[in-house]
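For reference, the structure is listed below as structure tokens.
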Amino acid sequence: MSTTTARPPRPRVDAPTEYGNAASFWVEYPSGLVDLTRATHLPPAPRAQTCLRSRRARPTCPSTARARCASARRSAFVIIDMQNYFLHPDIRSHPKGLECVAPLTKTVSALRAQGVKILWVNWGLTEHELTTIPPSLVRGFRKGGGGGFGSQMAGVWGRLLMRGERNADLYGPLQDLYLEGKAAGTDVWIHKNRMSALWGYQTALDLYLRENGITTLFFAGVNTDQCVLGTLVDAYYRDYDVIVVQDTTATSSPEGGFENVIYNAGGSYGFVTDSERVAAAASSK
């Protein structure tokens, strides 16, 4: 994984501080804790520092220099495009993407144990959607003279990124990991038809999040500076809390693509953590 230039530390607040509005708000404390649970507003005269939690909103607090406290029942782990088409060595070389499989698996197990929903968000096109994709996107997937979306791939892989085709399955052990979670009722597969899974007025991902009262999103997947970034930024625009799990995401882009996303995710869009911190936080509960 590439090293990343860290932003200068953000100065800590001098007193408990609330951001947002009556319905959607964070509370930040002088210790560096940022409470994302939206459980309790600050009183008119701030009392002693605490991590505000409701009995029904079990928190997941990744232990970092600046900790976050999030309600598990209002959180989801959004895993983008960890599919054969993007990762399988018989289709392409993506060593950095493959390096994410182990920490991703670890993070899935840790968050499942806390009751966080695991959302596998993947390309999966229908015949009708093939007629609606804009030319810029069509052209982008025809690099190297390929046939593009819906074209027949060589061998056993089926049609490119169409629902139900082998190239659109999750890579290797991740497919079994998803099926395990599906059987347990913890994991959900969500199709997308653009780089961003939140593009458009109503998407399957946004509807699921709204219907389930989810406000905090942990992000993973490939490619960091393409579909992960597109979905993350749209989530930020839609008032979701965004947390990138750094060692569970990668890109095949030249140096700088990954670093730019991590830099801005931690300084502008939301927060950055990693699989070790998530696992440590989960095991402390």
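Quick caveat, the model's predicted, so the values are computed rather than measured. In this chain, numbering begins with 1 at the start of the sequence shown.
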**Report entry** Point-to-point distance, once rounded to the nearest 0.5 Å, from CE of Met162 to OG1 of Thr126
**Finding:**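 The distance works out to 6.5 Å.
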Could you tell me whether a side-chain N or O of [X] sits under 3.5 Å from a main-chain N or O of [Y], the two making a donor and an acceptor?
{"X": "Arg166", "Y": "Trp157", "answer": "no"}
{"X": "Arg74", "Y": "Ala72", "answer": "no"}
{"X": "Asn223", "Y": "Ser252", "answer": "yes"}
{"X": "Thr17", "Y": "Ala15", "answer": "yes"}
{"X": "Thr37", "Y": "Ser71", "answer": "no"}
{"X": "Gln83", "Y": "Trp123", "answer": "yes"}
{"X": "Asn167", "Y": "Leu161", "answer": "yes"}
{"X": "Thr203", "Y": "Gly200", "answer": "no"}
{"X": "Arg12", "Y": "Ser31", "answer": "yes"}
{"X": "Lys96", "Y": "Thr249", "answer": "no"}

Do the side chains of [Y] and [X] get nearer than 4.5 Å, heavy atoms only?
{"X": "Val34", "Y": "Phe271", "value": "yes"}
{"X": "Val108", "Y": "Trp120", "value": "yes"}
{"X": "Leu174", "Y": "Asp169", "value": "no"}
{"X": "Asn260", "Y": "Asp225", "value": "no"}

Can you list the residues that meet the side chain to side chain contact (heavy atoms under 4.5 Å, CB included) rule with [X], with sequence neighbours excluded?
{"X": "Pro134", "value": "Ser136, Leu137, Arg194"}
{"X": "Val233", "value": "Leu229, Tyr237, Tyr269"}
{"X": "Leu179", "value": "Gln175, Asp176"}
{"X": "Ala279", "value": "Lys106, Ala110"}

Are [X] and [Y] linked by a side-chain donor-acceptor pair shorter than 3.5 Å?
{"X": "Asp239", "Y": "Ser24", "result": "no"}
{"X": "Tyr240", "Y": "Asp206", "result": "yes"}
{"X": "Trp26", "Y": "Asp241", "result": "yes"}

Quick check: is [Y] connected to [X] through a chain of hydrophobic side chains (ILVMFWY, heavy atoms under 4.5 Å apart)?
{"X": "Val242", "Y": "Trp199", "result": "no"}
{"X": "Val78", "Y": "Leu207", "result": "no"}
{"X": "Val188", "Y": "Leu209", "result": "yes"}

Query raised in the report: So which of Leu217, Leu119, Val245 actually passes side chain to side chain contact (heavy atoms under 4.5 Å, CB included) with Phe77?
Result: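 Going through Leu217, Leu119, Val245 one by one, the side chain to side chain contact (heavy atoms under 4.5 Å, CB included) with Phe77 is satisfied by Val245 alone.
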Report task. Could you list the residues that satisfy salt bridge (Lys or Arg N to Asp or Glu O under 4.0 Å) with Arg112, not counting sequence neighbours? Result ->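 Partners of Arg112 by the salt bridge (Lys or Arg N to Asp or Glu O under 4.0 Å) criterion, ordered by chain and then number, come out as Glu180, Asp187.
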Requested in this report: Return the set of residues passing ring-ring contact (aromatic ring centres under 6.0 Å, His included) with Tyr171 (not counting sequence neighbours), or none when no residue passes.
Outcome: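 With sequence neighbours excluded, Tyr171 shows a ring-ring contact (aromatic ring centres under 6.0 Å, His included) to His88, given in chain and number order.
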Query raised in the report: Can you tell me if CG on Asn21 sees more than 12 non-hydrogen neighbours from other groups inside 6.0 Å?
Result: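 Yes - once you tally the heavy atoms of other residues, nucleotides and ligands closer than 6.0 Å, there are more than 12.
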Requested in this report: Indicate the atoms forming the closest heavy-atom contact of Thr107 with Ser275, along with that distance.
Outcome: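 Taking Thr107 first and Ser275 second, the nearest heavy atoms are OG1-CB, 3.1 Å.
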Query raised in the report: Can Glu127 and Leu130 be said to form a side-chain contact (heavy atoms from CB on, under 4.5 Å), step by step?
Result: CA-CA 5 Å; Glu127 294 294 338; Leu130 288 178; 3.8 Å; yes
Requested in this report: Measure centre to centre between the rings of Phe86 and His94, then say whether the value is under 6.0 Å.
Outcome: no
